[in-house]
S.K.: 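Have a look at the structure that comes next, please.
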There are 2 protein chains.
Amino acid sequence: MNSTFYQNKDTFLVAVDCIIMGFRDNELQILIARRRMEPLKGGWSLMGGFVNATESINEAAKRVVEEYTGIDNIFMEQVGAYGELNRDLADRVISIAYFALVDMDLFDSSLIEKHNTRWVRITQLPELIFDHKKMVDNTINILQRKAAIKPIGFNLLGDQFTLPTLQSLYESIYQERIDKRNFRKKLLTMDILEKMEEKDKSSSKRGAFYYRFNKEKYDQLIEQGLHFSL
Amino acid sequence: MNSTFYQNKDTFLVAVDCIIMGFRDNELQILIARRRMEPLKGGWSLMGGFVNATESINEAAKRVVEEYTGIDNIFMEQVGAYGELNRDLADRVISIAYFALVDMDLFDSSLIEKHNTRWVRITQLPELIFDHKKMVDNTINILQRKAAIKPIGFNLLGDQFTLPTLQSLYESIYQERIDKRNFRKKLLTMDILEKMEEKDKSSSKRGAFYYRFNKEKYDQLIEQGLHFSL
DNA sequence: GCAAAAGTGTTTCAGGTACACCCATGA
DNA sequence: TCATGGGTGTACCTGAAACACTTTTGC
């Protein structure tokens with residue numbers, strides 16, 4: 001790396017903070033950790049880490065998410081950069097927030113005690129350190145906006161899921177109830193789901209059919225100039 | 001600033017790059033500069049600058065925009081952070097992009113030669129250095145999405161403007177033609193504009209009435225649970 | 001047989017879209 | 001008087017929202 005061009009410029013610690021979201025018990029969940037170091041030791045925080053000189057910021061975020069979940073190949077998007085002067089009480093740190101949507105069934109629970117983490121419902125989020133609450137709020141806004149027009153919500157589910165589950169996922173994202181018939185109608189007329197033969201009997205006696213998201217059909221939909229919309 | 005907590009971590013040059021947009025001759029325009037330093041001296045770039053230790057990243061962006069336009073109090077929003085390893089050919093630089101919407105009538109033209117800048121139509125953007133083209137593309141996406149649901153487009157106009165001008169602004173943002181009657185209907189039924197008595201006769205013999213965006217009326221609209229939408 | 005969740009259609013309404021003519025004025 | 005851009009209203013159509021009953025099955 002050639003450093004002769006930009007001289008006498010200040011340099012900064014750069015961190016990534018990750019809003020890792022899952023879905024369980026009909027509610028969105030966020031992974032938070034009890035901080036093990038000062039300042040604010042014992043406070044709840046997002047999963048974070050410093051960016052290394054050898055990696056891009058996207059790679060740093062991916063590394064952090066894998067470290068705390070044990071999952072790779074996770075859907076992630078940048079939320080934004082946070083650069084207030086005193087956002088981190090210990091030192092000047094510029095942080096870039098990312099959100100990750102994970103299938104909680106793939107989560108490695110052994111990492112919970114290792115990193116002192118916990119899944120909490122978004123409706124019951126405790127106070128977070130620094131500006132982490134703002135990062136979460138911005139994430140939820142992005143998620144609400146984006147889940148409506150892109151099929152990103154499926155990243156929160158296993159590859160098989162029932163329509164009632166999918167509906168409750170969207171209800172949790174939008175924080176409002178949705179009419180069952182309208183929801184199913186919209187979804188099924190898009191023709192991007194594949195109905196399975198088996199049913200999920202875990203939450204009712206009758207059982208609900210499993211469906212699978214069909215990426216090929218989705219791509220066709222887009223090619224036809226149509227849009228995903230929920 | 002206390003630096004005893006986070007030790008042995010890499011630090012980075014952090015820059016801001018600003019997509020400064022204006023509106024003139026019925027088209028969106030972007031301010032670009034011919035780069036005066038290596039690497040890629042002579043290439044077209046966005047307005048950029050390094051973040052100083054004494055300022056937040058938002059303040060850095062504001063400083064840069066003022067420096068290149070001579071205008072303060074500009075509408076700005078963050079686009080995102082760009083952190084690929086070799087995005088800047090000279091050194092590892094993490095850059096945070098911001099877009100700014102300015103009233104070109106307030107632009108200080110004397111700064112053009114000082115900074116080697118030029119306004120170009122977005123439809124005629126030359127090749128830009130580094131990942132600046134990607135920043136512009138992301139900005140245009142954000143602008144198209146956001147201008148449809150928030151009255152941010154008015155930041156590109158003086159405080160008086162005609163409806164034909166406003167329409168051509170939206171046509172330039174969306175890159176498509178809009179029906180005159182539908183546009184006016186939607187806008188006027190929102191009741192957020194104030195009709196002036198004077199006309200703008202510069203672009204027709206008959207002249208078009210000036211209007212003013214009325215922030216109070218807009219706030220009322222929102223309070224009533226209604227939405228801006230164009 | 002009953003409780004509990006899954007599944008299914010129709011009507012209504014609002015908002016978006018398409019569309020063509022008259023008006024005012026300077027040259 | 002004519003060329004140029006400004007201004008106006010209606011009909012249609014699509015998609016969103018509201019709404020209630022039947023089905024399945026384990027207990």
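Here is how names work: the chains are called A, B, and so on, in the same order as the sequence lines, proteins then strands, and each is numbered from 1. Everything quoted here is computed from the prediction, not taken from an experiment. What's counted below: heavy atoms across the whole structure, side chains too, no hydrogens, waters or symmetry copies.
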S.K.: Would you please indicate if the ring centroids of A/Tyr82 and A/Phe130 are separated by under 6.0 Å?
M.R.: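 Distance test on ring centres: not under 6.0 Å, no.
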S.K.: Assess whether a salt bridge exists between B/Arg24 and B/Asp105, defined as any Lys/Arg side-chain N lying under 4.0 Å from an Asp/Glu carboxylate O.
M.R.: yes
S.K.: Just how far, in rounded Å, is C1' of C/dC19 from CD1 of B/Ile178?
M.R.: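 These atoms are roughly 17 Å apart.
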S.K.: Tell me whether A/Arg35 forms a cation-pi arrangement with A/Trp44, defined as NZ or CZ under 6.0 Å from the six-membered ring centre and within 45 degrees of its axis.
M.R.: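 No - A/Arg35 does not lie over the ring of A/Trp44 by the 6.0 Å and 45° rule.
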S.K.: What's A/Ser203 touching, base or sugar-phosphate or nothing? Going by heavy atoms closer than 4.0 Å.
M.R.: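 Sugar-phosphate only.
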S.K.: Rounded to the Å, how far apart are B/Leu188 CG and D/dG6 P?
M.R.: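 So the CG-P distance, B/Leu188 to D/dG6, works out to 15 Å.
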S.K.: Would A/Lys217 and A/Glu194 pass as an ion pair if we require N to O under 4.0 Å?
M.R.: no
S.K.: So that I can tick it off, tell me whether A/Asp179 and A/Lys185 are bridged by a salt bridge, with the cut-off set at under 4.0 angstrom between side-chain N and carboxylate O.
M.R.: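 Here A/Lys185 does not pair with A/Asp179 in a salt bridge, since their nearest N and O are not under 4.0 Å apart.
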S.K.: Can you check the A/Tyr210 OH to C/dA6 C1' distance for me, whole Å?
M.R.: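 About 14 Å, once rounded to whole Å.
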S.K.: In the 5'-to-3' direction, what one-character label does each nucleotide of nucleotides 17-27 of chain D receive under the scheme B = base within less than 4.0 Å of a protein heavy atom, S = sugar-phosphate only, - = no such atom?
M.R.: BBBB--BBBB-
S.K.: Does the side chain of A/Val16 come within less than 4.5 Å of A/Arg63's, by heavy atoms?
M.R.: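 In short, these two side chains do not touch, never coming nearer than 4.5 Å.
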S.K.: Could you tell me the separation between the CD atom of B/Gln167 and the C1' atom of D/dG7, rounded to a whole number of Å?
M.R.: 12 Å
S.K.: Would you mind reading off the distance between B/Leu163 atom CG and D/dG7 atom P, rounded to a whole angstrom?
M.R.: 6 Å
S.K.: Between the opening five pairs and the closing five pairs of the helix from C/dG1-D/dC27 to C/dA27-D/dT1, how far apart are the helix axes, to 10°?
M.R.: 0°
S.K.: Just how far, in rounded Å, is C1' of C/dG15 from CE of B/Met190?
M.R.: 13 Å
S.K.: Under a 4.0 Å threshold between the charged nitrogen and the carboxylate oxygen, would B/Arg206 count as salt-bridged to B/Asp200?
M.R.: no
S.K.: Rounding to a whole Å, what distance do you find between B/Leu187:CG and C/dG16:P?
M.R.: 13 Å
